[in-house]
Amino acid sequence: MSEQKTIMLGNQAIARGAYEAGVKVSSAYPGTPSTEISEFLAKYDEVYAEWAPNEKVALEVAIGASVAGARSLACMKHVGLNVASDPLYTFAYTGVNGGAVIVVADDPGLASSQNEQDTRMIARAAHIPVFEPSDSAEAKEFIKFAYGFSEKYDTPVILRTTTKLSHSQSVVSLEERKEVPDKAYARDVKKYVMMPGSAIGRHLAVEQRENLMQKDASDLPVNRVETGDSNIGFITSGIPYQYVKEACPEASVLKLGIVNPLPRKLIEDFVKQVKTVYIVEELEPVIEEQIRSWGIEVKGKELFTRQGEYSANLIKKVIYGKSDEVFAPEQVPARPPILCSGCPHRSVFSVLNKLKIHAAGDIGCYTLGAVAPLSVIDTTVCMGASISVLHGIEKAKGKEFIKNWVAVIGDSTFLHTGLNSLVNMVYNKATGTVLILDNRTTGMTGHQEHAATGKTLKGDPAYAINLEDLCRAIGVPRVFTVNAFDVEALEKTITESVNGSELTVIIAKAPCALLKGQKFPYKCVAVADKCKKCGMCLKIGCPAITKAEDGTVIIDDTMCNGCGLCMTRCKFDAIEKVER
């Protein structure tokens, strides 16, 4: 076909590149900012794309496809790489058959994450090469290049992106898909069976491979030298390259496409051409520390922060002592996240708040239960940790202490890593209460399917795991399913459970208010002449409810979903439910 150009998100371009590269199998777990890659990839019939229950499983599926000889892909966010780290480190030893790429999206600035870890550091420890694109066009081309690189050097490859690249747009040239024949499979125990005797030999192979990659890295087309002012030079990669070009367009720039291993000769040659060299990289000084270790003097993190996203203004301020900022930070209005109107999590948290119960929390929308006015989440660590944390609290402080504690976890997160934690509670004779907040989707990342929703990533019907049956099957003695908006039943069930002597799971079930196809035939309205201005309805923190100047309540019917939670708090019948 003739060349076509279009504007694409970075994530969309990555999916397109994988498609054009002839990828046959993709597995992922949704995690912002990587989620859309799989959603876009699922639109290509030639690619098998799935949601896995977690990132470890996703990477293992990609490994299996690679061993069988097909090109494969696994996608995740940076904290998902932690979950996948067990197979990751060994995958470096086994190497590949068909090319294998792992897309990992870092989140500088913590747009939707619990930490700012830097994937480049993990890749160095795992001895896995890393490519880092700077825009959508490079994202598409780099992942295609990565597959050839993977097969040439017998290694998995990480394509590192960040939030800004994932969700920004630029022009991309579309090309035809290249159908790459599967590599022949041959049984090779020393290569693929990582028992100690095999692993010893493969470790040596990894070292040899890494030395060869570093030697060849300086000649790779993904790197680029842009010669300009010889007084000032920048070594950079990824999205920070865009900031450098905007802030200092006349400077000399070494733009790195491969950031592990670093192209040493190329860097040494570039440094000789400029008077002062700045290393501009978000998060950790990964590039800087290696260059300094070679005895090269550069400027880096002593000037630039290790926290958050960079900007052209930040670079201008460091280099020139001034920037073009129009608004000071304090002038920007705050927009804190909040649970949506009609969210079933709010109903559950309002009951926990009323009962003065603490909650060990997890990763998802429901983490917002930590903030006022709900204020029930006391801990959040990582996916699936709520159940293990509750178990640890019980074993440390005893059964009486946890009578005012529960664990809360979403349905998708429960299947991700919560299930193992619940098995641990059963096995080690725990008596705590676990609430599975089943809103029928993976809500926080944009409503993706999972193993209990009844649909695959491709939209095909699938067996929907019954969470109640699953909990009973692993030995939980008491399991209840309650409508998340039935506050009386919730209060009764939670109270009995925390005061009981057996491990209990309560499945609080109601669909996410934003799920496609949801209909809201009712709305709640405030009756001003009945309102006593007590503010009880405001304690649920619904964004649809505000207070008028005279102290009475106003309900915005464009936001209200008619869930009726506010009505359960009003003792004066000052809120009514009416048809729309």
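Computed from a predicted model, the values in this text were never measured in an experiment. Just so it is clear, the values below take in all heavy atoms, side chains as well, and ignore hydrogens, waters and symmetry mates.
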Does the side chain of Thr236 come under 3.5 Å of the side chain of Tyr243 through a donor N or O and an acceptor N or O? no

So, do Ile287 and Ser237 sit near enough that their side-chain heavy atoms are less than 4.5 Å apart? yes

Ion pair Asp411/Lys509, N-O distance below 4.0 Å: no

Is the number of heavy atoms from other residues, nucleotides or ligands within 6.0 Å of NZ (Lys255) greater than 12? yes

All side-chain contact (heavy atoms from CB on, under 4.5 Å) counterparts of Glu226, not counting sequence neighbours: Arg224, Tyr241, Lys245, Val253

State whether Arg440 and Asp438 are salt-bridged, where the test is any N-O pair (Lys NZ or Arg NE/NH1/NH2 against Asp/Glu carboxylate O) under 4.0 Å. yes

Donor-acceptor pair, distance only, cut-off 3.5 Å: does the side chain of Lys455 make one with the backbone of His450? no

Judged by modelled atom types alone, do Gln448 and Thr445 share a side-chain donor-acceptor pair under 3.5 Å? yes

Working for salt bridge (Lys or Arg N to Asp or Glu O under 4.0 Å), residues Asp106 and Lys77: CA-CA 6 Å; Asp106 286 3; Lys77 68 183 295 180; over 6 Å; no

Return the CZ to CD distance between Phe304 and Glu282, rounded to the nearest 0.5 Å. 11.5 Å

Using a 4.5 Å cut-off on heavy atoms from C-beta on, say whether the side chain of Pro87 contacts that of Ile63. yes

Side chains of Glu207 and His127 only: does a donor on one sit below 3.5 Å from an acceptor on the other? no

Identify which one of Val298, Val280, Ile279 satisfies the side-chain contact (heavy atoms from CB on, under 4.5 Å) criterion when paired with Phe234. Val280

Hey, is the main chain of Asn115 close enough, under 3.5 Å, to the side chain of Asp107 for a donor-acceptor pair? no

Please tell me whether Thr417 and Asn54 have a donor and an acceptor in their side chains that are separated by less than 3.5 angstrom. no

Can you tell me how far apart OG (Ser386) and CG (Asp362) are? Round to the nearest 0.5 Å. 3.5 Å

Determine whether Ser198 and Lys191 make a side-chain contact, defined as any pair of heavy atoms from C-beta on separated by less than 4.5 Å. no

Heavy-atom side-chain contact between Glu175 and Lys140 under 4.5 Å: yes

Any side-chain heavy-atom pair from Ser27 and Trp51 closer than 4.5 angstrom? no

Tell me whether Ser252 contacts the main-chain N or O of Gly228 through its side chain, where contact means a donor paired with an acceptor under 3.5 Å. yes

Sequence neighbours excluded, which residues qualify as ring-ring contact (aromatic ring centres under 6.0 Å, His included) partners of Tyr153? Phe149

So with a 6.0 Å cut-off around NZ of Lys301, is the heavy-atom count from everything else above 12? yes

Are Tyr44 and Tyr19 an aromatic pair, judged by ring center distance below 6.0 Å? yes

Please examine the side chains of Trp294 and Arg264, heavy atoms only from C-beta on, and report whether any two atoms are closer than 4.5 Å. yes

Could you check whether any side-chain heavy atom of Arg306 comes within less than 4.5 Å of a side-chain heavy atom of Glu284, counting everything from C-beta outward? yes

N/O donor-acceptor pair under 3.5 Å between Glu281 side chain and Val286 backbone: yes

Lys458 bridged to Asp460 by N-O distance under 4.0 Å: no

Option passing side-chain contact (heavy atoms from CB on, under 4.5 Å) with Phe145 (candidates Pro221, Pro133, Ser150): Pro221

Can you confirm whether Leu422 sits close enough to Val505 that some side-chain heavy atom of one is under 4.5 Å from a side-chain heavy atom of the other? yes

Is the backbone of Gly238 close enough, under 3.5 Å, to the side chain of Ser134 for a donor and an acceptor to pair up by distance? yes

Taking only Lys NZ, Arg NE, NH1 and NH2, and the carboxylate oxygens of Asp or Glu, determine whether Lys183 and Glu151 approach each other closer than 4.0 Å. yes

